[in-house]
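Lettering of chains follows the sequences in order, A, B, ..., and the numbering in each one begins at 1.
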There are 2 protein chains.
Amino acid sequence: MATLNDVAKRANVSKMTVSRAINHPEQVRPELRDSILHVMAELNYQPNAAARALVSRRTRVVKLTIFEDMDTTEPYYMMLLAGIANELNQHQYALQLATRNSYEVGECDGYILTGIRQKNYAWVEQLKQPVVFFGRNQQGYDYVDTNNYQAIQDSSAYAIQSGYTNLVFVGIAVDEPFEQDRERGFRDFITANQVSGQLVQLANHCHVATDYVRQHWADFPSNTAFICASDRLGIGIEDGIILQGKRVPEDYGVIGFDGVLLNQIASKRLTTMKQPLEAMGRAAVRLLLANIANPGSPATPHDQEKIIINSRLSIAESTR
Amino acid sequence: MATLNDVAKRANVSKMTVSRAINHPEQVRPELRDSILHVMAELNYQPNAAARALVSRRTRVVKLTIFEDMDTTEPYYMMLLAGIANELNQHQYALQLATRNSYEVGECDGYILTGIRQKNYAWVEQLKQPVVFFGRNQQGYDYVDTNNYQAIQDSSAYAIQSGYTNLVFVGIAVDEPFEQDRERGFRDFITANQVSGQLVQLANHCHVATDYVRQHWADFPSNTAFICASDRLGIGIEDGIILQGKRVPEDYGVIGFDGVLLNQIASKRLTTMKQPLEAMGRAAVRLLLANIANPGSPATPHDQEKIIINSRLSIAESTR
DNA sequence: CTGTTAGCGCCTTCAT
DNA sequence: ATGAAGGCGCTAACAG
């Protein structure tokens, strides 16, 4: 593997000039810089990450911590991970995937945290490196999220436009910001538009949603659209409707949330509010790396930065 | 952060003695070693990975490459990843998750490869670091796999024991070793046990399996058990049976493969051949790190090492 | 704008 | 069994 020195010799300059050509190109005479870059390409020079890490006191490792059981996890995280990994790779960063039962070993330059619940905040506060969350939080940490409030409004509006006349919001029974935002979006929508609707919270499992449909079937007039807070719930609702002998999307509509189960499980492809997970993963990395580069951003709360990326409706067969 | 030097001073020895106490403890007088270890604990000393990497010419990064579209990916990989990540963490290694469209950047000490198809082997051959595969391969690379052949025999045997009298193996229409092994297991089983059975290959989607059941319903006498090569297919088959107005497990049995969708999607929990994915991930890492530590193992084929970890039947509601 | 010096934290080599 | 010297590849700080 070629080193800085190799490049320097071949280009008839000192190591420093080469180093500068890479890290502070504006400090090097353009023609010289070009010839250096040329030699670098010739030798297929790749800076040695370890040496850089040593002198810059950076590990070039980012930890992603998923505070949730993998067993029950959505394909969701796989998509997020893809975005995170791709962006990290581009910046020559490696990943350390920490799960619940992984040992607390090794150092890192920063953290991306997801699936956090209230009880985990004590742990978060004690971290010494920059932190970025997935999902809104009131503790002042930087985060990346999607437009939960607006997304449910959009789903609801689409259902109404499609001719459904009654809405049921099927939420997830957790007390977390994302769910609150979605419920608020739904409530505000039916109030503002004088639409008939109701709201329910269920555990996030298919069969729970299916059971719910059976047990409350009397509550659902024809032409009801179910706005669900996950694709799992959406699929369960759809199954429940079909078990009642009714048709989707003719008699009832179903809209999911997430957009990760498409084409995979459901017999009928679900119309769903699709989260741009890959983009969200990338955004989180960029935000984190910016915080790492700017040492004025400790893990302790500062001016909270947020990146909101819009989810968009992916229209399929469960709505008309 | 405490350095080797800090420990050395406090322990009244030279840096080298401390270094040796860590890496070659047998070369240090026991009492001295103990006192050094004591000081290390006192100072909460953690070796600097970058400095080690620099001098040892190791990156302490392992690349995991998934040659498959994330979009269509199984939760499968998430479990694998958890195992890999946990084991890497314990060895102070970081991960670089390479996906199809991630740039080929950065160095690493070794590769874990999964989802490889024939056309990718050219790329694999040109790698300069040790490689471990997920799944059997005939190219001579080390691998970790589950007992595909035996697993299908076990599933089949269980179905017969449970009183089903006809077996259908529902395979995945790919020409890969894992599928060949499973089919071979099935064929050998019905031959050896004189069981009535048939074999089919489908694309790995729920609805394909459901359609298959409808179209070939006449082929399936009551008391047939479907031995499926994935949980997705199993769920699709089950749906198909129910749509025919029959009962599972009373009239028909279904056994899946993988064990990653349990409790999530299916209304009825699937009996499935559960792969020990976490353990397989860990095993792959251990195998790879052994190859990295032993420099006599280049990426090019050598004596092929394999680790086979048994899948075990997880009995649920889709068999009696 | 470019080069020289020094050192990041650790380990290999050689000497004691 | 232990220590001293030197260097891995890179960059910050200072000099010119």
K.L.:
What one-letter contact string describes nucleotides 6-16 of chain C from 5' to 3', where B marks a base within less than 4.0 Å of any protein heavy atom, S marks contact via sugar-phosphate atoms alone, and - marks no contact?
P.N.:
-BBBBBB----

K.L.:
Looking at residues at least two apart in the chain, or sitting in another chain, which of them share a salt bridge (Lys or Arg N to Asp or Glu O under 4.0 Å) with B/Arg20?
P.N.:
none

K.L.:
Fit a plane to each ring of A/Tyr141 and A/Phe133, take the angle between them on a 0 to 90° scale, and name the class: parallel (under 30°), tilted (30 to 60°) or perpendicular (over 60°).
P.N.:
parallel

K.L.:
Do any N or O atoms from the side chain of A/Thr146 and from the backbone of A/Gln275 form a donor-acceptor pair under 3.5 angstrom?
P.N.:
no

K.L.:
Mind calculating the distance between CZ (A/Arg58) and C1' (D/dG9) to the nearest angstrom?
P.N.:
18 Å

K.L.:
Write down the distance between CD (B/Glu26) and P (D/dT2), rounded to a whole number of angstrom.
P.N.:
12 Å

K.L.:
Could you give the CE-to-P distance, from A/Met40 to D/dG9, as a whole number of Å?
P.N.:
16 Å

K.L.:
I'd like to know if the side chain of B/Asn147 reaches the main chain of B/Asn310, judged simply by a donor and an acceptor atom lying under 3.5 Å from each other, with no hydrogens or angles considered.
P.N.:
no

K.L.:
Within the distance-only criterion (no hydrogens, no angle test), does the side chain of B/Arg58 pair as donor or acceptor with the backbone N or O of B/Ile292 below 3.5 angstrom?
P.N.:
yes

K.L.:
Is there a donor-acceptor contact under 3.5 Å linking the side chains of B/Asn86 and B/Glu278?
P.N.:
yes

K.L.:
Would you kindly give the CG-to-C1' distance between B/Asn12 and D/dG3, to the nearest whole Å?
P.N.:
14 Å

